[in-house]
Amino acid sequence: MPKVIYVGADGTEHPVEVPVGHSVMEGAVKNRIEGIDADCGGACACATCHVYVDPAWLAKLPPKTDMEDAMLDFALVTAPNSRLSCQLRVTPELDGLIVRMPVSQH
Amino acid sequence: MSERLIIVGAGQAAVQAVQSLRVDGFAGPITLIGDEAYGPYQRPPLSKAYLLGSFERERLFLKADGFYRESGCELRLNTKVTAIDRQTKTVTLDDGSSLPYDKLLLATGTRVRKLTCPGAQLPGVHYLRDIADVDGLQQEFLAGKRIAIVGGGYIGLEVAAVAAKRGLDVTVFEAMERLMARAVSRPMSDFFAAEHAKAGVTIKFKTGVEAIEGKAQVEGARAGGHLYPADIVLVGIGVVPNDELAKAAGLETNDGIVVDRHGMTADSSIFAAGDCTRHVGREGLSIRLESVQNAIDQAKHCALAMTGKAKIYSEVPWFWSDQYDLKLQIAGLARPTDTTIVRGDPATRKFSVFHLRDGVVAAVEAVNAAPDYMIGKKLVADGVRVAPERLADTAIPIKQIAG
């Protein structure tokens, strides 16, 4: 199973094995990883699963949809490597993916 | 000794309560009792991606198995609570045994309202609430089949959209004169009616179903005096709260378990959260909400109250629905007397409807217009006054709409 490394706002690393096909958001909320709220459960309707993707992994991700782009506009303190983790599906190629979580989602 | 908590019901609110209670410092053992065979799962995808087949069952589950173990929460599935004894502070289970509690959270949710007309018991009549319901429906959900959908609300229309996509012949029977009448404004109803028509869905308005016809199984639906041939009937005519357990225990119920603004019943040991509750909303009215948002937020507030950090629940209600490639997002509770302003052109399949009450934004409905929804929700939360002509003017960016 691919491993996703969730890095808390305090720098703590939480490696989690996430099944292929699940989203990066699901890997966090299903396993007691604090820092990703995902209030809407992955419907791209709340912008509370914002993460910063490690620059080394950015190019391996599918591009943002208009919807994700529009919603990201409402996340706090975004950067060019900001993504909504509910829109990132885990694939075998993403084994080792590193995402950093913001200080707050609200 | 630390307090023992029992949670009755294993849905969204239950899981949120477990998670929040641990974060808030609740140290005692938690037992989560659910009457389904499955651990807590998400219901929203059932009528959408899961029915379509683009969302694996495994993904429905709200938490990984390890979550419960690590949270000190015992899951008891396939188990019904049959009674609450408030004197001895115990619950009775359907195997006759009983469990003691110090705190009790009722997160019993709702059940579907059943069709009562003749033929309602025929094989081929389906409801959609549980994983098992969808799995049953899937067997017959095949291209070329004719499906009669009773009720043009969220469930009926989400199923209609999936059915049309899958190549079924779809007819929706709606008793009212427009779709989702309880949930959205007329411009939104009209827009969705047009979209369903474009997808080949037939909608019969002001038409109640009088009988389901068939010998050994569904052969048709009789509605408005006509017989509509059908292979499958899907009923989506609302839900009723599971409040009987609370009522039998002497707690106040009124189409829902009555709780205060912390989620507490009149018994300070017993709380309730989610679809099963009747509570006073942020506008001061007694309401019962059926939504993920309410389940999550009310459970969070119950957890706060149980750990001595009580906070008034006054979150803005929000809802969503996916039909075809349309994402409908709603924030706030509109009233028929609100002034409605359409922002954007429905023909572009991207627009919103704002509701003003005494000049203040009270609700927003947005289709494929997430920014309108996000800003609208904030305007509702803050009670912001916005001029109708500004809301209607798409030349003004939504982020600057309040001026």
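Below, each value reflects all heavy atoms present in this structure, side chains not excepted, and no hydrogens, waters or symmetry copies. Being a predicted model, the structure only gives us computed values, none of them experimental. So you know, we letter chains A, B, ... as the sequences are listed, proteins then strands, and number each from 1.
For B:I296, the part lying near chain A is the side chain, with the backbone staying farther off; criterion is any non-hydrogen pair under 4.5 Å. With a 4.5 Å cut-off on non-hydrogen atoms, B:K350 does not touch chain A at all. Proximity to chain A involves both the backbone and the side chain of B:E58, based on heavy atoms less than 4.5 angstrom apart. Looking at B:F61, only its backbone comes within 4.5 Å of chain A, counting heavy atoms on both sides. For B:E70, the parts lying near chain A are the backbone and the side chain together; criterion is any non-hydrogen pair under 4.5 Å.
Note on B:Q19, B:K377, B:K327: by heavy-atom pairs under 4.5 Å with chain A, the leading option is B:K327.
No more than 12 heavy atoms of other residues, nucleotides or ligands sit less than 6.0 Å from atom CG of A:D66. Other residues, nucleotides and ligands place more than 12 heavy atoms under 6.0 Å from the CG atom of B:D135.
The cationic atom of B:K378 (NZ for Lys, CZ for Arg) does not lie both less than 6.0 Å from the six-membered ring centre of A:F74 and within 45° of the ring axis.
The heavy-atom pair separating A:A47 from B:M374 by the smallest distance is CB-CE, 4.1 Å.
If you check the side chains of A:H22 and B:E56, you find no donor sitting under 3.5 Å from an acceptor.
Between B:K399 and A:D73, the closest side-chain pair of non-hydrogen atoms falls below 4.5 Å. Residues A:E34 and B:V23 meet the side-chain proximity criterion, which asks for heavy atoms closer than 4.5 Å.
In terms of modelled atom types and a separation under 3.5 Å, the side chain of A:K30 and the main chain of B:R59 share a donor-acceptor contact. The main-chain N or O of A:N31 is never found under 3.5 Å from a side-chain atom of B:K63 such that the two would form a donor-acceptor pair.
We find the CG-CD distance between B:L60 and A:E26 to be 9.5 Å, quoted to the nearest 0.5 Å.
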